[in-house]
S.K.: 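Below you'll find the structure I mean.
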Amino acid sequence: MSFTAIQAQLRLGLLGILIAGAAMWACSTSDHASDTDSSLPDATIDTAVDSAPVDAAPVVDGGTPRLALYTVKTDGTGLRLVLDTGTREISHARLSADGWLVGTRYGKDPDGNGLAMENEANIGAYYEGTQIVVFKLSAPSAQTVIAGSTVAGLAANPSWTDDGKVIFLSAEPDAGVLGTHIARASFSVVPTVSSITTVLVPSQLVIPVDPHQQGSSDATGTVSFSAAIDLAVKWQRPVWSMPASGTTSMQAVAFVGCPLCQSQKGCCAWTNFGDVLGTNDSRFSHAGTDIMWMQQHPDVSVPVGNVMLYPFRQVVRPLDGGPQMDLVAPATAATTTLSYGEWRADDQEIVYWSIEVEGSVLRQFLWAMSRDGSGRRKIPLPANLCPLHPSYVSASEIVFNAWRSAADGTCDVAKL
């Protein structure tokens, strides 16, 4: 497998392709191994591009940051600018119980538009040079880099664990995409990191991404993630779970869910790795009764030029062994991607973001829905914001990152 083919399978690599495709369409019309320790350089403080929280009054082009973090109530009121991140996007912002945000900060700008972002034009998702940063929601101007380097390698898509650690994706410089692994940072006192450990995954599972942890960071806890596997010379990329302590044995790994193909009477499988429909961003409910993820649906597609566009849809499965269920989104266009998803603390509501074609303009929106996918409602935001990666900071308020749309209102990154 080439680096390029594998890179496309990273979280939002396929979503980046969907963004480009939608823009084209619009323009045309039980072995519990221990974690292994690694050395860690001193954490660093970076305040070069940050600003203190200010009210985000009516947001207009002249005053809207190109890249920023915001909070807003789920009814659309109380929009606040938390942080102008300058030319480096911060995504995947998630809040700890004691008020610390963790996020992915980007360090490279391969499309040359002056912005280091997750989605780079004509490349899709781009994670080289990413870092994990932590900072107080109440004082975002002081960011501590806890992992990663802007030079090479990656450190991305972090989440807080129930025992106060951060689990994330990592790859050392020169390791390549096949060197992508799950890592976990422990703290003496946040934000001072005491160690970073590798969470072992069986070698049969290729490119594990998007880890999320329920419970403690030992064999009593559980980690979910997406990873590819070669079965009978055909590739699949399901969601898996395993003990949070890590393992090298497939016997200790549990299958969670996958895109289902009726013609194959089970998980869809493909001969070519690059054709695999992805699963991404699995998230345990807070009560530990369900797991939700997004996946490209084999029965929902639309041709875009010479390629077939398979948008993401949300799926949930009870952890008691019940079947996976699509979270139905009636009358959703085949060009619309429903991505990401975060549970509210009571597990009765979910927030997510969408990529949609409005007339001839590519737009992004934030949504809230009930736990069964019903009652979907768009969260009102200024038209010139391109929001993504929402997560809850309270029962009625979320944090999200957004970029300022292009002059014509599009969220197409090729026009920024």
S.K.: Can you confirm whether Y70 sits close enough to L79 that some side-chain heavy atom of one is under 4.5 Å from a side-chain heavy atom of the other?
M.R.: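 Of all side-chain heavy-atom pairs linking L79 with Y70, at least one is under 4.5 Å.
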S.K.: Got a sec, which residues hit side-chain hydrogen bond (donor to acceptor under 3.5 Å, both in side chains) with H181, two or more places apart in sequence or on another chain?
M.R.: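 Here no residue qualifies.
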S.K.: For T247 and A252, which heavy atoms make the closest approach, and how far apart are they?
M.R.: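 Heavy atoms only, the tightest pair is OG1-CB, 3.5 Å.
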S.K.: Is there a donor-acceptor pair closer than 3.5 Å between any side-chain N or O of T150 and the backbone N or O of G129?
M.R.: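 Answer holds: no.
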S.K.: Side chains of Q214 and R283: is there a donor and an acceptor less than 3.5 Å apart?
M.R.: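 Note: Q214 and R283 side chains miss the donor-acceptor criterion.
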S.K.: Quick one: are R317 and W293 in side-chain contact, heavy atoms under 4.5 Å?
M.R.: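 Sidechains of W293 and R317: in contact.
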S.K.: Hey, are N113 and R66 close enough side-chain-wise for a donor-acceptor pair under 3.5 Å?
M.R.: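 There is no such pair (donor and acceptor under 3.5 Å, judged by atom type) between the side chains of R66 and N113.
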S.K.: Please answer whether the main-chain N or O of L67 pairs with a side-chain N or O of R404 as donor and acceptor at a distance below 3.5 Å.
M.R.: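 The answer is no, because no donor-acceptor pair under 3.5 Å joins these two groups.
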S.K.: Are E118 and T104 close enough, and set up right, to give a side chain to side chain contact (heavy atoms under 4.5 Å, CB included), and what steps lead you there?
M.R.: CA-CA 9 Å; E118 181 178 34; T104 307; over 6 Å; no
S.K.: side-chain hydrogen bond (donor to acceptor under 3.5 Å, both in side chains) with D75: which residues, sequence neighbours excluded?
M.R.: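 Residues passing side-chain hydrogen bond (donor to acceptor under 3.5 Å, both in side chains) with D75: T77.
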S.K.: So Y127 and Y106, would you call those rings parallel, tilted or perpendicular, with 30° and 60° as cut-offs?
M.R.: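 Tilted.
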S.K.: For D109, which residues count as a side-chain hydrogen bond (donor to acceptor under 3.5 Å, both in side chains) partner, sequence neighbours excluded?
M.R.: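 Not a single residue meets the side-chain hydrogen bond (donor to acceptor under 3.5 Å, both in side chains) criterion with D109.
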S.K.: Would you compute the distance between atom OH of Y352 and atom CG of L338 and round it to the nearest 0.5 angstrom?
M.R.: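 Interatomic distance, Y352 OH to L338 CG, rounded to 0.5 Å: 5.0 Å.
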S.K.: Could you go step by step and tell me if C267 and C258 meet the disulfide (SG to SG under 2.5 Å) rule?
M.R.: CA-CA 6 Å; C267 282; C258 62; 2.0 Å; yes
S.K.: Take S216 and D218 through the side-chain hydrogen bond (donor to acceptor under 3.5 Å, both in side chains) test and state the conclusion after the steps.
M.R.: CA-CA 5 Å; S216 300; D218 56 26; 4.6 Å; no
S.K.: Residues two or more places apart in sequence or in another chain: which of them pass side-chain contact (heavy atoms from CB on, under 4.5 Å) with P110?
M.R.: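 K108, E120, I123, Y126.
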S.K.: Give me the atom names and distance for the closest heavy-atom approach of P158 to F168.
M.R.: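 Shortest heavy-atom separation between P158 and F168 comes out as CA-CB, 3.8 Å.
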S.K.: As a quick check of understanding, evaluate side chain to side chain contact (heavy atoms under 4.5 Å, CB included) for W270 and L277, giving each step before the final call.
M.R.: CA-CA 9 Å; W270 293 265; L277 299 186; 3.5 Å; yes
S.K.: Quick check on D408: does its CG atom have over 12 non-hydrogen neighbours (other residues, nucleotides or ligands) under 6.0 Å away?
M.R.: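 Result for CG/D408: enclosed.
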S.K.: What are the two closest heavy atoms between P318 and G322, and how far apart are they?
M.R.: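 For P318 versus G322, the nearest heavy atoms are CG-CA, 3.7 Å.
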S.K.: Contact between W100 and V102 at the side-chain level, heavy atoms closer than 4.5 Å - yes or no?
M.R.: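 Of all side-chain heavy-atom pairs linking V102 with W100, none is under 4.5 Å.
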S.K.: Quick check: closest heavy atoms across I196 and I146, and the distance to 0.1 Å?
M.R.: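 Heavy-atom minimum between the residues: CD1-O, 3.5 Å.
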S.K.: Which of these, V256, L260, I291, sits in a side chain to side chain contact (heavy atoms under 4.5 Å, CB included) with Q324?
M.R.: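 Of the listed options, the one satisfying the test is L260.
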S.K.: Rounded to the nearest 0.5 Å, what's the gap from CG on N157 to CG on D210? Could you check?
M.R.: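 If we round to the nearest 0.5 Å, N157:CG and D210:CG are 4.5 Å apart.
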S.K.: Would you sort out whether D230 and Q236 count as a side chain to side chain contact (heavy atoms under 4.5 Å, CB included), showing the intermediate values?
M.R.: CA-CA 7 Å; D230 187 3; Q236 298 175 346; over 6 Å; no
S.K.: Could you grab the distance from atom CD1 of I350 to atom CH2 of W343, nearest 0.5 Å is fine?
M.R.: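 Between atom CD1 of I350 and atom CH2 of W343 there are 4.0 Å.
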S.K.: Are the side chain of N272 and the backbone of G274 linked by a donor-acceptor contact shorter than 3.5 Å?
M.R.: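 No, because the side chain of N272 does not come within donor-acceptor range (under 3.5 Å) of the backbone of G274.
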S.K.: Do D347 and D290 have side-chain heavy atoms sitting under 4.5 Å apart?
M.R.: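 They are not in side-chain contact.
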S.K.: Compare all side-chain heavy atoms of Y392 with those of T74 and state whether any distance is below 4.5 angstrom.
M.R.: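 A side-chain contact exists here, since the closest heavy-atom pair is under 4.5 Å.
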S.K.: Using the rule side chain to side chain donor-acceptor pair (under 3.5 Å), only one of E89, Q143, H92 pairs with R105; which is it?
M.R.: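 The residue from E89, Q143, H92 that satisfies side chain to side chain donor-acceptor pair (under 3.5 Å) with R105 turns out to be Q143.
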S.K.: Passes side-chain hydrogen bond (donor to acceptor under 3.5 Å, both in side chains), S354 versus T336? Steps please.
M.R.: CA-CA 7 Å; S354 68; T336 294; over 6 Å; no
S.K.: List for me each residue that meets side-chain hydrogen bond (donor to acceptor under 3.5 Å, both in side chains) alongside Q213, sequence neighbours excluded, and say none if there are none.
M.R.: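 Applying side-chain hydrogen bond (donor to acceptor under 3.5 Å, both in side chains) to Q213 gives R184, S217.
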S.K.: For S224 and S282, work out which heavy atoms get closest and say how close.
M.R.: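 So the minimum-distance heavy-atom pair works out to OG-OG, 2.8 Å.
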S.K.: Out of curiosity, T85 OG1 to N401 CG, how far, rounded to the nearest 0.5 Å?
M.R.: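 The CG atom of N401 is 8.0 Å from OG1 of T85, to the nearest 0.5 Å.
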S.K.: Stepwise, does the side-chain hydrogen bond (donor to acceptor under 3.5 Å, both in side chains) test hold for R94 with S159?
M.R.: CA-CA 7 Å; R94 290 160 174 151; S159 295; 2.9 Å; yes
S.K.: Ring centroid separation for Y340 and H389, is it under 6.0 angstrom?
M.R.: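 Between H389 and Y340, which both carry aromatic rings, the centre distance is below 6.0 Å.
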S.K.: Determine whether R363 and E358 satisfy the following criterion, salt bridge (Lys or Arg N to Asp or Glu O under 4.0 Å), listing intermediate values before the conclusion.
M.R.: CA-CA 7 Å; R363 296 290 309 279; E358 276 196 343; 3.3 Å; yes
S.K.: Could you tell me whether the side chains of H297 and D326 share a donor-acceptor contact shorter than 3.5 Å?
M.R.: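 D326 and H297 do have a side-chain donor-acceptor pair below 3.5 Å.
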S.K.: Can you tell me if T161 and D163 form a side-chain donor-acceptor pair at under 3.5 Å?
M.R.: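 Yes, a side-chain donor-acceptor pair sits under 3.5 Å.
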S.K.: In Å, rounded to the nearest 0.5 Å, how long is the span from OG1 of T71 to CD of E397?
M.R.: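 Those atoms lie 4.5 Å apart.
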S.K.: Between E349 and R377, does any NZ, NE, NH1 or NH2 come within less than 4.0 Å of an OD or OE carboxylate oxygen?
M.R.: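 Judged by the 4.0 Å cut-off on N to carboxylate O distance, R377 and E349 do form a salt bridge.
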S.K.: For the residue pair W403 and V413, establish whether any side-chain heavy-atom pair is separated by less than 4.5 Å.
M.R.: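 The answer is yes; the side chains approach within 4.5 Å.
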S.K.: Would you say that F365 contacts I379 through its side chain, given a criterion of any heavy-atom pair below 4.5 Å between the two side chains?
M.R.: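 Of all side-chain heavy-atom pairs linking I379 with F365, none is under 4.5 Å.
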S.K.: Nearest 0.5 Å, what's the OG1-CG distance between T410 and L362?
M.R.: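 CG of L362 is found 5.0 Å from OG1 of T410.
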S.K.: On a heavy-atom basis, which atom in P390 and which in F400 lie closest, and how many Å separate them?
M.R.: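 That closest heavy-atom pairing would be CA-CB, 4.0 Å.
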S.K.: Give the intermediate values and the outcome of side chain to side chain contact (heavy atoms under 4.5 Å, CB included) for residues V351 and W353.
M.R.: CA-CA 7 Å; V351 287; W353 59 287; over 6 Å; no
S.K.: What orientation do F255 and W240 show, parallel under 30°, tilted 30 to 60°, or perpendicular over 60°?
M.R.: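 F255 vs W240 ring planes: perpendicular.
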S.K.: Please tell me if the side chains of L169 and L154 come closer than 4.5 Å, counting only heavy atoms from C-beta onward.
M.R.: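 They are in side-chain contact.
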S.K.: Sort and list the pairs that fulfil disulfide (SG to SG under 2.5 Å) and have at least one residue in residues 357-388, not counting sequence neighbours.
M.R.: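 Every pair satisfying disulfide (SG to SG under 2.5 Å) with a residue in residues 357-388: C386-C411.
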S.K.: Going through the distances and angles, do D372 and S370 end up as a side-chain hydrogen bond (donor to acceptor under 3.5 Å, both in side chains)?
M.R.: CA-CA 5 Å; D372 62 358; S370 299; 4.6 Å; no
